[in-house]
Amino acid sequence: MSISKGFTTGVGCRLEAYPKNNNKVLFMGKNVQINDYVHITAMEHVFIGDNVLMASKIYISDCSHGSYSGDSNDSSPYSLPIERPLHSKAVIIEDNVWLGEFVSVLPGTTIGKGTIVGANSVVSKSLPSYVIAVGSPAKPIKKYNFETKRWEKTNNI
Ligand SMILES: CC(C)(COP(=O)(O)OP(=O)(O)OC[C@H]1O[C@@H](n2cnc3c(N)ncnc32)[C@H](O)[C@@H]1OP(=O)(O)O)[C@@H](O)C(=O)NCCC(=O)NCCS
């Protein structure tokens, strides 16, 4: 893990790194704040940018037990979940992102700069910069307009 200046946590946080070799796999930029019961797992590459704010009870992972994509690598339901090979895809959370309470960020996603993810949302697909996204899967409902300096509703709602 690489953790930078200004990092603060709440209680009960679980930060895990399972590198395949000696490389670092979990990176935190400057002034990252995570609150109570945040669980982050990295096997390949989890990058958290500067000034990212996480509320409590958040899950972020770049890997999961088994593969379910519908190809020859698929895991059998007869195998024990704990014994299924871990599969990973990088997660990137860019600078100034704010994650609300109970957010999950799943493998293979990027959250763009300055984006906000609402409480209880599940990020299973990448989100652009400077939006507010909510729901499961999380989808943008507002976007910041740098000319008017307002968050404007998107056409999704
Ligand atoms: C995402 C959030 C920032 C949006 O704030 P906002 O832009 O002021 O939201 P609004 O009240 O204008 O809501 C816009 C719409 O999104 C919906 N919405 C807002 N937050 C939602 C959420 N988390 N999940 C699902 N829908 C949500 C609203 O119901 C509303 O729907 P409508 O247009 O059909 O009425 C806020 O709702 C939120 O979830 N904040 C996180 C709070 C938190 O976890 N704090 C921890 C402290 S670090």
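Atoms within a ligand are numbered from 1 in the order they appear, just like the ligands themselves.
- Between A119 and ligand 1, a contact under 3.5 Å exists for at least one N or O pair.
- Side-chain atoms of V32 and S4, non-hydrogen and from C-beta on, never get closer than 4.5 Å to each other.
- Residue N21 places its CG atom among more than 12 non-hydrogen atoms of other residues, nucleotides or ligands, all under 6.0 Å distant.
- Looking at heavy atoms from C-beta onward, Y144 lies in side-chain contact with K149 at the 4.5 angstrom threshold.
- Considering I58, V134, N35 only, the shortest heavy-atom separation from atom 25 (C) of ligand 1 involves V134.
- Of all the heavy atoms of V117, none lies under 4.0 Å from any atom of ligand 1, so neither backbone nor side chain is involved.
- Considering backbone and side-chain atoms together, E101 places an N or O closer than 3.5 Å to an N or O of ligand 1.
- Hydrophobic clustering, with ILVMFWY side chains joined whenever heavy atoms are under 4.5 angstrom apart, keeps Y18 apart from I3.
- Under the 4.5 Å side-chain heavy-atom criterion for grouping Ile, Leu, Val, Met, Phe, Trp and Tyr, L127 is not connected to I132 through any hydrophobic cluster.
- Close contacts between ligand 1 and I141 involve ligand atoms 14 (C), 15 (C), 16 (O) [criterion: under 4.0 Å to a heavy atom].
- Neither the backbone nor the side chain of N120 comes within 4.0 Å of ligand 1, counting heavy atoms alone.
- Linking Ile, Leu, Val, Met, Phe, Trp and Tyr residues whenever their side-chain heavy atoms come within less than 4.5 Å leaves V131 and V105 in two separate clusters.
- Looking at W98 next to ligand 1, no N or O pair under 3.5 Å apart turns up.
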